[in-house]
Amino acid sequence: MRKIKVMTVFGTRPEAIKMAPLALELADRPEFEAICCVTAQHREMLDSVLNIFRLKPNYDLNIMEPRQTLSTITAKCLNGMDGVLEEARPDLVLVHGDTSTTFAGALAAFYHKIPVGHVEAGLRTWDKWSPYPEEINRRLVGSIADLHFCPTASNRENLAREDIRKNVFITGNTVIDALQTTVVKDFTFSEEILNQLDYVNQKVILVTCHRRENYGQPMTGIMTALRRVADAFPGTELVYPVHLSPVVQEAAHRYLDNHPRIHLTAPLDVREMHNLMARCHLVMTDSGGLQEEAPALGKPVLVLRRETERPEAVTAGTVRLVGVEEEDIFQMASTLLSNHAEYNQMAHAANPYGDGHACRRIADAITWHFGLCETPPEEFMEHRL
């Protein structure tokens, strides 16, 4: 039986966390010839995820350069993918989410007339500038893709609004699959301060903030609010693994340095981030992935953005959208730190994003699409959680 040659393409840490379990699932199944190509849009952070999942790429474009722009990322990715696709000639290219690598990888496959599968398809804010540039990246990939793997039913409804109705599958999110292998009971962190924190008697708040649309005044409001929270609640410890972006580094150190209970660390690898999340009290973030991961671990999330493409968690009650204004952030954080009923209501809400079997569903959908099985894949249904 001829195998289906499937190439996974990704380049950033968040993509790698969500694509590595899928790449391994494909490699384990006899009906596939699995090929992995990384662009290294984020070099160091990508490599840490590859090492953790013991995933060795077949191709590495190594495109990252200092002060890279969206244009240079896209151009270098497109040029690099030309040679890879000509040599590998896959039957299907899988891209994930909404990065510049995602868009360029899909476009390169289209130029070579190779079908594209979009993992984590159908997320929308309907605002082209927020998140920037992700919202346009995922819309463009949606118009290119031949197979659409949606985490939730509402993602499928978003695609239907764009008249995309063919080969759309509800799979759950692959990040929930990843959590099953990364979170362990007795974990030792590489940052010694994280081993010393009292996760039982102190309220540890995990913070991330890095999105481009939050550069400037929004980031100032966020940072100022974080320091106010630490000052107002002596029983809290804030842990902020600071993104490598020079803009983010400068803002974090300007507003948050020299506070005894604010800990600015280097970026954490996926195991450390997931295990810190499992032990913390509350998550405050502008990240997309953490909105999906934290609820699976029973942690409330305050989203430091004006909108979210993940409204399912807001509806379910695991996430609250607080915006980027200092006072709004401070007041909502204060509520969760002082009101046990409010906190418990969020902590015990059901996670709508998956049951740990998304990778299997995606692989099953590909097998069915290529005619190697007669039964279409089962769909993830949120009430199964």
Report yes if the side chains of [X] and [Y] come closer than 4.5 Å at any heavy-atom pair, otherwise no.
| X | Y | value |
| --- | --- | --- |
| Pro90 | Ile114 | yes |
| His263 | Leu197 | yes |
| Ser190 | Glu272 | yes |
| Met277 | Met273 | yes |
| Pro151 | Phe380 | no |
| Glu135 | Asp127 | no |
| Val93 | Leu85 | yes |
| Gln331 | Thr335 | no |

Before giving the answer on side-chain contact (heavy atoms from CB on, under 4.5 Å), spell out for Glu237 and Tyr199 the whole-Å C-alpha distance, their side-chain angles and the decisive distance to 0.1 Å.
CA-CA 9 Å; Glu237 302 271 357; Tyr199 296 98; over 6 Å; no

How are the rings of [X] and [Y] set to each other: parallel, tilted or perpendicular (split at 30° and 60°)?
| X | Y | answer |
| --- | --- | --- |
| His42 | His243 | perpendicular |
| Trp368 | Phe169 | perpendicular |
| Tyr132 | Trp129 | tilted |

Tell me if a side-chain donor or acceptor on [X] pairs with a main-chain N or O of [Y] at a distance below 3.5 Å.
| X | Y | answer |
| --- | --- | --- |
| Arg261 | Phe233 | yes |
| Asn275 | Val184 | yes |
| Lys18 | His96 | no |
| Asn214 | Leu304 | yes |
| Tyr59 | Gly83 | no |
| Lys5 | Ala88 | yes |

Is there a donor-acceptor contact under 3.5 Å linking the side chains of [X] and [Y]?
| X | Y | answer |
| --- | --- | --- |
| Gln291 | Thr308 | yes |
| His259 | Asp231 | yes |
| His253 | Asp257 | yes |
| Thr101 | Thr39 | yes |
| Glu326 | Thr224 | no |
| Ser48 | Asn51 | no |

Approximate separation, where rounding is to 0.5 Å, of [X] [atom1] and [Y] [atom2]:
| X | Y | atom1 | atom2 | result |
| --- | --- | --- | --- | --- |
| Thr171 | His148 | OG1 | NE2 | 13.0 Å |
| Leu264 | Tyr255 | CG | OH | 14.0 Å |
| Leu26 | Ile35 | CG | CD1 | 11.0 Å |
| Cys36 | Met19 | SG | CE | 8.0 Å |
| Asn167 | Phe149 | CG | CZ | 8.5 Å |
| Phe10 | Leu55 | CZ | CG | 5.0 Å |

Kindly indicate, with the supporting measurements, whether the criterion side-chain contact (heavy atoms from CB on, under 4.5 Å) is fulfilled by Glu44 and Met64.
CA-CA 10 Å; Glu44 294 176 30; Met64 184 173 174; over 6 Å; no

Could you tell me which non-hydrogen atom of [X] sits nearest to which non-hydrogen atom of [Y], and how far apart they are?
| X | Y | result |
| --- | --- | --- |
| Cys150 | Val168 | SG-CG1, 3.7 Å |
| Pro300 | Leu336 | CB-CD1, 4.4 Å |
| Glu162 | Trp126 | OE2-CZ3, 3.4 Å |
| Leu226 | Leu238 | O-CD2, 3.5 Å |
| Met81 | Cys37 | SD-SG, 3.8 Å |
| Met219 | Cys209 | CE-SG, 3.8 Å |

For side-chain contact (heavy atoms from CB on, under 4.5 Å), just list the numbers for Ile366 and Leu94, CA-CA rounded to whole Å, side-chain angles, deciding distance to a tenth of an Å, and then say yes or no.
CA-CA 10 Å; Ile366 295 170; Leu94 294 178; 4.1 Å; yes

Check the surroundings of atom [atom1] in [X]: do more than 12 heavy atoms from other residues, nucleotides or ligands lie under 6.0 Å from it?
| X | atom1 | answer |
| --- | --- | --- |
| Arg165 | CZ | yes |
| Gln345 | CD | no |
| Phe110 | CZ | no |

Please identify which of these residues, Lys113, Lys3, Arg2, meets the salt bridge (charged side-chain N to carboxylate O under 4.0 Å, His left out) condition with Asp91.
Arg2

Which of these passes salt bridge (charged side-chain N to carboxylate O under 4.0 Å, His left out) with Glu213: Arg305, Arg306, Lys128?
Arg305

I'd like to know if [X] pairs up with [Y] as an ion pair, taking the criterion as any Lys NZ or Arg NE/NH1/NH2 lying under 4.0 Å from an Asp or Glu carboxylate oxygen.
| X | Y | answer |
| --- | --- | --- |
| Glu134 | Arg211 | yes |
| Glu86 | Arg89 | no |
| Glu25 | Arg29 | yes |
| Arg161 | Glu157 | no |
| Glu378 | Arg360 | yes |

Could you state whether [X] and [Y] fall into the same hydrophobic cluster, counting links through intermediate Ile, Leu, Val, Met, Phe, Trp or Tyr residues with side-chain heavy atoms under 4.5 angstrom apart?
| X | Y | answer |
| --- | --- | --- |
| Val84 | Phe103 | yes |
| Val301 | Leu123 | no |
| Leu179 | Leu268 | yes |
| Val175 | Ile52 | yes |
| Met45 | Leu194 | no |

Ile17 and Arg13: CA distance, side-chain angles, deciding distance, side-chain contact (heavy atoms from CB on, under 4.5 Å) verdict:
CA-CA 6 Å; Ile17 292 170; Arg13 178 181 180 274; 3.8 Å; yes

Just do the side chain to side chain donor-acceptor pair (under 3.5 Å) check on Thr99 and Glu15 with the steps written out, would you?
CA-CA 8 Å; Thr99 70; Glu15 288 173 282; 3.2 Å; yes

Begin with the C-alpha distance, continue with both residues' side-chain angles, and end with the deciding distance and a verdict on side chain to side chain donor-acceptor pair (under 3.5 Å) for Thr152 and Glu312.
CA-CA 8 Å; Thr152 70; Glu312 300 90 349; 2.5 Å; yes

